[in-house]
Undergrad: 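One structure follows; several queries about it will come next.
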Amino acid sequence: MRARRMRQRRVTMSAMNPPAPGLRIALLALAALTSVPDTATMAAAGELPAVASRQRVERKSFTDSEIVEGFLKTAFGAEYHLAGRVDRIRKFDGPVRVFAESDRADRKTQLAKVVADIGARVQHLDIAMTDTSEAANVRVKLVRDRDLYRTLTSFYGAEKAREIRTSLDPQCLSGFRKNDNFEIEHSDVILTVDNGDFVFLDCAYEELLQSLGPINDTTSVPWTMFNDNVSMGYFDVYDQYILNLLYDPRIKPGMTVPEVKAVLPAVLADVRAWVKRVNDLKE
């Protein structure tokens with residue numbers, strides 16, 4: 001924990017208890033945040049100072065091996081695994097529609113911008129907001145911090161909620177269920193709305209991205225937001241590589257590590273060109 005430097009501790013685990021009868025939850029990603037200063041004051045340019053400062057020093061140049069390492073470590077596995085296989089690629093295999101459940105119009109607007117940003121930066125991912133829960137396959141529940149435990153209980157049952165609260169004290173989390181072909185069918189995301197803009201954006205980006213498939217946190221890759229010791233608040237270049245690799249059509253749900261490695265060189269070449277163009281990189 002390094003609260004002075006706006007760090008957060010994140011934990012990923014798999015969930016055994018489904019949120020509703022007949023649903024099998026595949027994985028649950030939990031972001032347990034320590035005390036992070038409120039950075040709600042916006043900079044003159046309309047950016048959060050905490051985000052702008054990170055963007056100024058962001059590393060944007062990576063070797064092939066650095067990108068592949070991060071992809072394999074986040075797209076496969078789960079930090080805490082209780083049920084289900086985690087040795088295959090997991091992703092949506094169709095359009096992703098996000099529904100926000102909240103009475104906070106400001107947070108819903110921020111979430112919509114996050115979703116639009118993700119959609120603009122991941123080439124083969126069709127993701128957008130929807131106005132109805134029936135049309136959504138990603139449901140985002142926006143709650144007050146004091147209501148988080150009650151929400152956890154409604155999603156995962158009293159026993160699992162107590163375990164999560166006691167061991168992690170999370171401020172945001174996400175989980176998805178997949179079918180037998182390792183296609184993600186539905187994701188649920190819970191975000192708290194009253195812990196400041198930076199915390200909200202940091203949680204929104206991480207949990208939405210992890211709900212798309214790269215569920216495994218790793219402390220061995222220092223450039224990814226899927227690292228317990230890294231806080232971003234925006235969609236960084238390194239994680240754009242990871243999500244663009246995952247959602248390339250040649251990377252299919254259910255693929256094993258050897259199968260993925262066989263196609264990665266060709267996929268990475270195309271992903272590099274896309275990420276360079278969308279971020280106006282000079283390399």
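Both backbone and side-chain heavy atoms feed into the values below; hydrogens, waters and symmetry mates do not.
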Undergrad: Check for a donor-acceptor pair, side chain of Asp194 on one end and backbone N or O of Asp145 on the other, with a separation under 3.5 Å.
TA: yes
Undergrad: I'd like to know whether Glu66 forms a side-chain contact (heavy atoms from CB on, under 4.5 Å) with Arg59, so could you lay out the CA-CA distance, the side-chain angles of the two residues, the decisive distance to 0.1 Å, and finally the verdict.
TA: CA-CA 12 Å; Glu66 287 172 336; Arg59 180 180 170 185; 2.7 Å; yes
Undergrad: For residues Val96 and Asn137, determine if any side-chain heavy atom of one lies less than 4.5 Å from a side-chain heavy atom of the other.
TA: yes
Undergrad: Would you call Ile118 and Val114 a side-chain contact if the rule is heavy atoms closer than 4.5 Å?
TA: yes
Undergrad: Determine yes or no for a side-chain-to-main-chain donor-acceptor pair under 3.5 angstrom, with Tyr238 supplying the side chain and Pro222 the backbone.
TA: no
Undergrad: Whether the side chain of Asn181 engages the backbone of Glu183 through a donor-acceptor N/O pair (distance < 3.5 Å, no angle test) should be reported.
TA: no
Undergrad: Could you walk me through whether Lys282 and Asp280 pass the salt bridge (Lys or Arg N to Asp or Glu O under 4.0 Å) test, one step at a time?
TA: CA-CA 6 Å; Lys282 304 305 180 185; Asp280 194 26; 3.6 Å; yes
Undergrad: Minimum heavy-atom separation for Leu212 to Tyr247, with atom names?
TA: O-OH, 2.7 Å
Undergrad: Answer yes or no: is there a donor N or O on one side and an acceptor on the other, between the side chain of Gln110 and the main chain of Leu201, under 3.5 Å?
TA: no
Undergrad: Is there a path of hydrophobic side-chain contacts, each under 4.5 Å between heavy atoms of I/L/V/M/F/W/Y residues, joining Phe99 to Ile190?
TA: no
Undergrad: How many angstroms lie between OG1 in Thr219 and NZ in Lys73, if you round to the nearest 0.5 Å?
TA: 8.5 Å
Undergrad: Would a 4.5 Å heavy-atom cut-off, applied to side chains only, mark Asp236 and Trp223 as touching?
TA: no
Undergrad: Ring of Phe200, cation from Arg107 - is the NZ or CZ under 6.0 Å from the centre and inside 45° of the axis?
TA: yes
Undergrad: Working to the nearest 0.5 angstrom, can you tell me the gap between Lys178 NZ and Ser187 OG?
TA: 12.5 Å
Undergrad: Are any non-hydrogen side-chain atoms of Arg56 and Ser53 less than 4.5 angstrom apart?
TA: yes
Undergrad: For Gly254 and Phe182, work out which heavy atoms get closest and say how close.
TA: N-CB, 3.6 Å
Undergrad: Take Leu208 and Leu111 through the side-chain contact (heavy atoms from CB on, under 4.5 Å) test and state the conclusion after the steps.
TA: CA-CA 10 Å; Leu208 275 173; Leu111 180 67; 3.6 Å; yes
Undergrad: I need the Leu173 CG to Glu206 CD distance, nearest 0.5 Å.
TA: 10.5 Å
Undergrad: What are the two closest heavy atoms between Ser231 and Arg54, and how far apart are they?
TA: O-NE, 3.0 Å
Undergrad: Any side-chain to backbone donor/acceptor pair from Asp202 onto Met225? Under 3.5 Å, distance only.
TA: no
Undergrad: Atom OG1 of Thr192 and atom CZ of Arg146: how far apart are they, to the nearest 0.5 Å?
TA: 13.5 Å
Undergrad: Could you tell me whether a side-chain N or O of Asp188 sits under 3.5 Å from a main-chain N or O of Gly175, the two making a donor and an acceptor?
TA: no
Undergrad: Measuring from atom CG of Leu72 to atom CG of Leu245, what distance do you get when rounded to the nearest 0.5 angstrom?
TA: 9.0 Å
Undergrad: Quick one, Tyr149 and Arg162 - any side-chain contact, counting heavy atoms below 4.5 Å?
TA: yes
Undergrad: For the residue pair Met232 and Phe198, what are the closest heavy atoms and their distance?
TA: O-CE1, 3.4 Å
Undergrad: Which atom names give the shortest non-hydrogen contact between Ala100 and Leu142, and what distance separates them?
TA: CB-CD1, 4.5 Å
Undergrad: Between Val115 and Val138, is there a side-chain heavy-atom distance shorter than 4.5 Å?
TA: no
Undergrad: Would you indicate whether the side-chain heavy atoms of Leu243 and Phe235 approach each other to under 4.5 Å?
TA: yes
Undergrad: Locate the shortest heavy-atom distance separating Lys91 from Pro253; write the atom from each residue and the value.
TA: CG-CG, 3.5 Å
Undergrad: Output every pair passing side-chain hydrogen bond (donor to acceptor under 3.5 Å, both in side chains) with a member in residues 123-134, not counting sequence neighbours, ordered by first then second residue.
TA: Arg97-Asp126
Undergrad: Would you say the side-chain atoms of Asn279 pair up with the backbone N or O of Val275, donor to acceptor, closer than 3.5 Å?
TA: yes
Undergrad: Evaluate the criterion side-chain contact (heavy atoms from CB on, under 4.5 Å) for residue pair Leu209 and Phe226; output intermediate values, then yes/no.
TA: CA-CA 9 Å; Leu209 292 173; Phe226 312 133; 3.8 Å; yes
Undergrad: Applying side-chain hydrogen bond (donor to acceptor under 3.5 Å, both in side chains), name anything that partners Glu101, two or more places apart in sequence or on another chain.
TA: Lys141
Undergrad: Tell me whether Tyr241 contacts the main-chain N or O of Phe71 through its side chain, where contact means a donor paired with an acceptor under 3.5 Å.
TA: no
Undergrad: Classify the side-chain pair Gln240/Asn244 by whether it contains a donor and acceptor separated by less than 3.5 Å.
TA: no
Undergrad: Decide side-chain contact (heavy atoms from CB on, under 4.5 Å) for Asp64 and Arg272; before the verdict, give the C-alpha distance in whole Å, the side-chain angles of both, and the deciding distance to 0.1 Å.
TA: CA-CA 9 Å; Asp64 287 355; Arg272 275 196 176 278; 2.8 Å; yes
Undergrad: Has Arg90 got a side-chain atom pairing as donor or acceptor with Pro214's backbone, closer than 3.5 angstrom?
TA: no
Undergrad: What's the separation between atom OG1 in Thr151 and atom CZ in Arg144, rounded to the nearest 0.5 Å?
TA: 9.5 Å
Undergrad: Just by distance, no angles: are the side chains of Asp117 and Tyr205 close enough, under 3.5 Å, to form a donor-acceptor pair?
TA: yes
Undergrad: Would a distance-only check, ignoring hydrogens and angles, find a side-chain to backbone donor-acceptor pair under 3.5 Å from Asp248 to Arg250?
TA: yes
